[in-house]
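Step one of this worksheet: look at the structure below.
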Amino acid sequence: MKEPAVSADPTQVLAFETDCHIFEGCGFPAPGLHSFLFKPLVGDGDSDLYFNKPMLLALLGSIVIIAFFWAAFHKPKVVPGKLQMVAEAGYDFIRRGVVYETIGKREGEKYVPLIVSIFFFVWMMNLWSIIPVAQFPVTSIIAYPLGLALIVYVLWVSLTFKRHGFVGAFKNFTGYDKSLGPVLPLAMLIEFFSNLLVRPFTHAVRLFANMFAGHTLLLLFTIASWYLLNGIGIAYAGVSFVMVLVMTVFELFIQAVQAYVFVLLTCSYIQGALAEHH
């Protein structure tokens with residue numbers, strides 16, 4: 001059996017990194033967990049300090065977002081130019097369509113900068129998946145969605161205690177309702193674990209799982225397009241390439257939706273922390 005020839009870095013498998021094709025006696029180089037592992041660009045992978053591709057993309061994404069909004073708003077005009085108009089539209093969509101609708105204008109205004117920042121950061125991290133050369137969604141690495149979810153979690157818990165005090169926060173976290181009668185202790189226990197343990201996990205996993213699955217499918221069809229490019233397999237390669245285009249368009253939609261859902265849930269948690277217990 002002919003083994004697929006891969007790049008010098010075996011942890012980064014893309015379609016163009018192999019000269020293996022169907023009918024050449026080699027197996028299909030299917031994507032897997034190895035497709036989400038990257039050797040350090042700086043430092044040693046065995047140490048605690050290193051810098052790899054996802055970290056680079058996260059840093060570049062942050063710079064892109066900051067540069068975009070700085071360019072749009074550093075000299076704002078009464079009659080906005082195209083860049084300012086696009087930035088204002090994005091900012092206003094999150095402010096009015098997410099924050100105001102969920103938290104309310106009076107309570108929510110102070111959280112608009114945070115929610116807008118999270119939305120565009122998550123969206124940019126997702127978009128790297130379909131940008132040439134980058135071709136990797138940073139949010140498909142669980143540490144990034146988990147880090148963002150923990151920021152939201154700390155904000156939610158601290159706001160709950162600040163607004164309601166210890167007793168009120170306890171009731172908020174446990175869903176205390178004396179009308180439940182005998183089942184109240186069990187209901188409070190379930191609510192406690194659901195809110196304080198499960199909630200941040202599901203908040204992170206929802207984003208991570210969608211980006212992980214989407215990137216895997218894109219890799220699958222991209223590698224298949226190259227692998228089938230031989231003999232009669234060319235016909236199948238064409239079908240696979242069409243699927244690459246379809247999945248790319250679909251991913252564009254999912255990337256925006258997942259960023260929206262992430263901040264919508266964030267606003268929902270903040271609203272729950274600020275609302276009076278009932």
Side-chain angles (χ1 to χ4, degrees), residues 54-55 57-74 76 80 83-128 137-165 168-169 172-173 195-208 210-211 254-276:
M55 295 176 184
L57 293 179
L59 177 61
L60 290 177
S62 301
I63 293 173
V64 167
I65 295 168
I66 293 170
F68 170 73
F69 281 102
W70 183 85
F73 293 129
H74 79 290
L83 189 62
Q84 184 180 334
M85 188 179 299
V86 172
E88 285 181 354
Y91 186 90
D92 204 49
F93 169 73
I94 299 301
R95 181 178 62 175
R96 296 182 182 275
V98 180
V99 180
Y100 286 3
E101 288 293 325
T102 308
I103 305 175
K105 183 176 181 179
R106 185 175 64 86
E107 292 274 21
E109 188 63 45
K110 68 177 70 174
Y111 302 104
V112 170
L114 172 67
I115 302 302
V116 170
S117 299
I118 292 176
F119 174 80
F120 282 98
F121 179 77
V122 172
W123 193 14
M124 187 68 239
M125 296 306 99
N126 295 346
L127 279 173
W128 284 125
V138 177
T139 44
S140 66
I141 302 295
I142 186 62
Y144 293 92
L146 186 59
L148 290 171
L150 287 175
I151 292 174
V152 175
Y153 177 79
V154 170
L155 174 63
W156 167 60
V157 171
S158 60
L159 280 176
T160 304
F161 278 107
K162 182 178 180 181
R163 176 60 64 95
H164 304 287
N172 190 296
F173 294 142
N195 286 326
L196 293 181
L197 297 179
V198 178
R199 176 176 287 188
F201 177 75
T202 56
H203 195 193
V205 167
R206 183 180 286 104
L207 173 61
F208 156 73
N210 278 277
M211 292 301 101
I254 294 298
Q255 287 160 1
V257 168
Q258 287 305 311
Y260 175 80
V261 169
F262 193 90
V263 295
L264 186 64
L265 288 173
T266 299
C267 288
S268 176
Y269 299 157
I270 294 174
Q271 189 277 332
L274 298 175
E276 292 299 326

Beyond-backbone contact of Leu274 with Tyr111, side-chain heavy atoms, under 4.5 angstrom: yes
Rounded distance [0.5 Å steps], CD1 in Ile270 versus CD1 in Ile115: 4.0 Å
Closest heavy-atom pair and its distance - Lys110, Pro113: O-CD, 3.7 Å
Closest heavy-atom pair and its distance - Ile103, Gln271: CA-CG, 4.1 Å
Rounded distance (nearest 0.5 Å) linking atom CE of Met125 with atom CD1 of Ile141: 13.0 Å
Residue list, side chain to side chain contact (heavy atoms under 4.5 Å, CB included) with Leu114, at least two apart or on another chain: Ile118, Leu155
Interatomic distance, Leu127 atom CG to Trp123 atom CH2 [nearest 0.5 angstrom]: 6.5 Å
Nearest heavy-atom neighbours spanning Ala149 and Ala204: CB-CB, 3.9 Å
Nearest heavy-atom neighbours spanning Thr102 and Ser268: CG2-N, 3.6 Å
Closest heavy-atom pair and its distance - Tyr153, Asn195: CE1-O, 4.3 Å
Qualifying salt bridge (Lys or Arg N to Asp or Glu O under 4.0 Å) pairs, either residue in residues 91-100, two or more places apart: Asp92-Arg95, Asp92-Arg96
Approximate separation, where rounding is to 0.5 Å, of Leu60 CG and Ile65 CD1: 11.0 Å
Phe121/Leu148 under side chain to side chain contact (heavy atoms under 4.5 Å, CB included): CA gap, chis, key distance, verdict: CA-CA 10 Å; Phe121 179 77; Leu148 290 171; 4.0 Å; yes
Gap between atom OH of Tyr100 and atom SG of Cys267 - 0.5 Å precision: 11.5 Å
Over 12 foreign heavy atoms within 6.0 Å of CZ, Phe201: no
For Phe161, side chain to side chain contact (heavy atoms under 4.5 Å, CB included) partners two or more places apart: Val157, Phe166, Ala169, Phe173
Audit row: Phe68, Phe120, ring pair (Phe, Tyr, Trp, His ring centres under 6.0 Å) steps and yes/no: CA-CA 11 Å; Phe68 170 73; Phe120 282 98; 7.1 Å; no
Side-chain heavy atoms of Val99 within contact of Phe119, under 4.5 Å: no
Test item: Thr202 side-chain N/O and Arg199 main-chain N/O as donor-acceptor pair under 3.5 Å: yes
Donor-acceptor pairs are to be reported for all side-chain atoms of residues 254-266 against protein atoms at under 3.5 Å, with residues two or more places apart or in another chain.
| residue | atom | partner | partner atom | Å |
| --- | --- | --- | --- | --- |
| Gln255 | NE2 | Asn126 | O | 3.2 |
| Thr266 | OG1 | Phe262 | O | 2.8 |

Where Ala275 and Asn172 come nearest, the two heavy atoms and their spacing: O-ND2, 4.3 Å
Separation between CD1 of Ile142 and CG of Leu207, rounded to the nearest 0.5 Å: 8.0 Å
Which residues share a ring pair (Phe, Tyr, Trp, His ring centres under 6.0 Å) with Phe208, sequence neighbours left out: Phe212
Test item: His164 side-chain N/O and Thr160 main-chain N/O as donor-acceptor pair under 3.5 Å: no
Residue pairs fulfilling salt bridge (Lys or Arg N to Asp or Glu O under 4.0 Å) with at least one residue in residues 152-163, sequence neighbours excluded: Glu107-Arg163
Side chain to side chain, Tyr269 and His203, heavy atoms closer than 4.5 Å: yes
